[in-house]
Amino acid sequence: MNRVFVIGIGPGTEDYLLPVAKKAIESADCLIGARRNLRPFQPLGKEEILIEGNFDQVLSFLQRERERKRIAVLVSGDPGLYSFLGRISRILKKDEYTVIPGVSSLQIAFARLGEGWEDATLLSLHGRKIDDLIPKIKDSSKVFLFTDPAFPPQKIAEALLKQGVENRKAIVMENLTYPDERILETDLLHLKEMEGFGLSVMILKKKEEAEKE
């Protein structure tokens, strides 16, 4: 019986794709993922299934086709961090899928800063509302935040300021590992006036904590 492979492909560029992940992708018959995740592997000529917005259909496909096809589900970064793995683990048994870890943008971001992240609160806006996350942000001195295209950094800054969150240093990291990678360090007041951010993550620090570093 074929296992479904859930594979973390890293933050973007092939430099951060683990060899074990590359081998599993090359041996698959069918690749499932977001358009951005599938694009680097199109030269392999595999069958492709887009995951964007088609969650129920993709899950049905996995249950229906996994016994006759070698299927690899490609997720950004690491599967253990806010990925499609959660849904897959609810419909498949443990012996029906294998998880291959990847390098997360979380790891890259803190590596760029030259510091650890064991004391950071990890949050994601994917499919969530900023108002639901604000209490955790208020209670944390260091927050790592996966942003969402519908809620870019400047909107996050604006929402936080409206809720009285002001004393925060904001570090926006855009297009990590790509040639046009950009790292911007500012505060919420200045950030809310900016725009034009692409694929990005954020780190928020209480200013008094940032000043100690």
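Basis for what follows: all heavy atoms, side chains included, without hydrogens, waters or symmetry-related copies. Remember, predicted model here, so these are calculated numbers, not experimental data. Start at 1 with the first residue, then count along the sequence.
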With no hydrogens and no angle check, is any side-chain donor or acceptor of S27 less than 3.5 Å from a backbone partner on A24? yes

With rounding to the nearest 0.5 angstrom, report the CD to CD1 distance, E185 to I171. 4.5 Å

Please say whether more than 12 non-hydrogen atoms of neighbouring residues, nucleotides or ligands are located less than 6.0 Å from CD in E47. yes

Mind checking salt bridge (Lys or Arg N to Asp or Glu O under 4.0 Å) for K138 and listing every partner two or more places apart, or none if nothing turns up? none

According to a 4.5 Å side-chain heavy-atom criterion applied to Ile, Leu, Val, Met, Phe, Trp and Tyr, with indirect links allowed, do I130 and F197 form part of one hydrophobic cluster? yes

Report the residues that fulfil ring-ring contact (aromatic ring centres under 6.0 Å, His included) with F5, sequence neighbours left out, ordered by chain and then residue number. none

Separation between CG (L176) and OG1 (T13), nearest 0.5 Å, reads 10.0 Å

Go through the steps for L133 and V143 under the test side-chain contact (heavy atoms from CB on, under 4.5 Å), then give the verdict. CA-CA 11 Å; L133 304 183; V143 173; over 6 Å; no

How about CD on E195, more than 12 heavy atoms from neighbouring residues, nucleotides or ligands closer than 6.0 Å, or not? no

Side chain proximity check, D15 to T177, heavy atoms < 4.5 angstrom: no

Donor-acceptor pair, side chain of S200 and main chain of G198, under 3.5 angstrom: yes

Step by step, work out the side-chain hydrogen bond (donor to acceptor under 3.5 Å, both in side chains) result for S83 and D78. CA-CA 8 Å; S83 82; D78 183 85; over 6 Å; no

Is the closest side-chain heavy-atom distance between I32 and F61 below 4.5 Å? yes

Side chain E26, main chain K23, donor-acceptor under 3.5 Å: no

Check against side-chain contact (heavy atoms from CB on, under 4.5 Å), Q63 and I91: CA-CA 8 Å; Q63 291 176 306; I91 68 159; 3.8 Å; yes

For residues L188 and L204, determine if any side-chain heavy atom of one lies less than 4.5 Å from a side-chain heavy atom of the other. yes

Side chain to side chain, I108 and M173, heavy atoms closer than 4.5 Å: no

Can you confirm whether K69 is buried at NZ, in the sense that more than 12 heavy atoms of other residues, nucleotides or ligands lie under 6.0 Å from that atom? yes

Please tell me if the side chains of E96 and V4 come closer than 4.5 Å, counting only heavy atoms from C-beta onward. no

Please say yes or no: joined through hydrophobic side-chain contacts below 4.5 Å, possibly via intermediate residues, are L50 and I9 part of one cluster? yes

Using a 4.5 Å cut-off on heavy atoms from C-beta on, say whether the side chain of N2 contacts that of I71. no

Whether over 12 other heavy atoms sit under 6.0 Å from K46 NZ: yes

Do F144 and W117 come within less than 4.5 Å of each other through their side chains, counting heavy atoms only? no

A side-chain contact here means heavy atoms from C-beta on lying under 4.5 Å apart; do E65 and R68 qualify? yes

Between D119 and K142, is there a salt bridge with N-O shorter than 4.0 Å? yes

State whether the number of non-hydrogen atoms from other residues, nucleotides or ligands found under 6.0 Å of R35 atom CZ is greater than 12. no

Hphob cluster co-occupancy, L160 + L145, side-chain heavy atoms under 4.5 angstrom: yes

With salt bridge (charged side-chain N to carboxylate O under 4.0 Å, His left out) as the rule and sequence neighbours excluded, what pairs involving residues 173-182 come up? R112-E181, E174-R182

Just how far is it from atom CD1 of I203 to atom CZ of R168, taken to the nearest 0.5 Å? 14.0 Å

Exceeds 12 heavy-atom contacts within 6.0 angstrom, atom NE2 of H126: yes

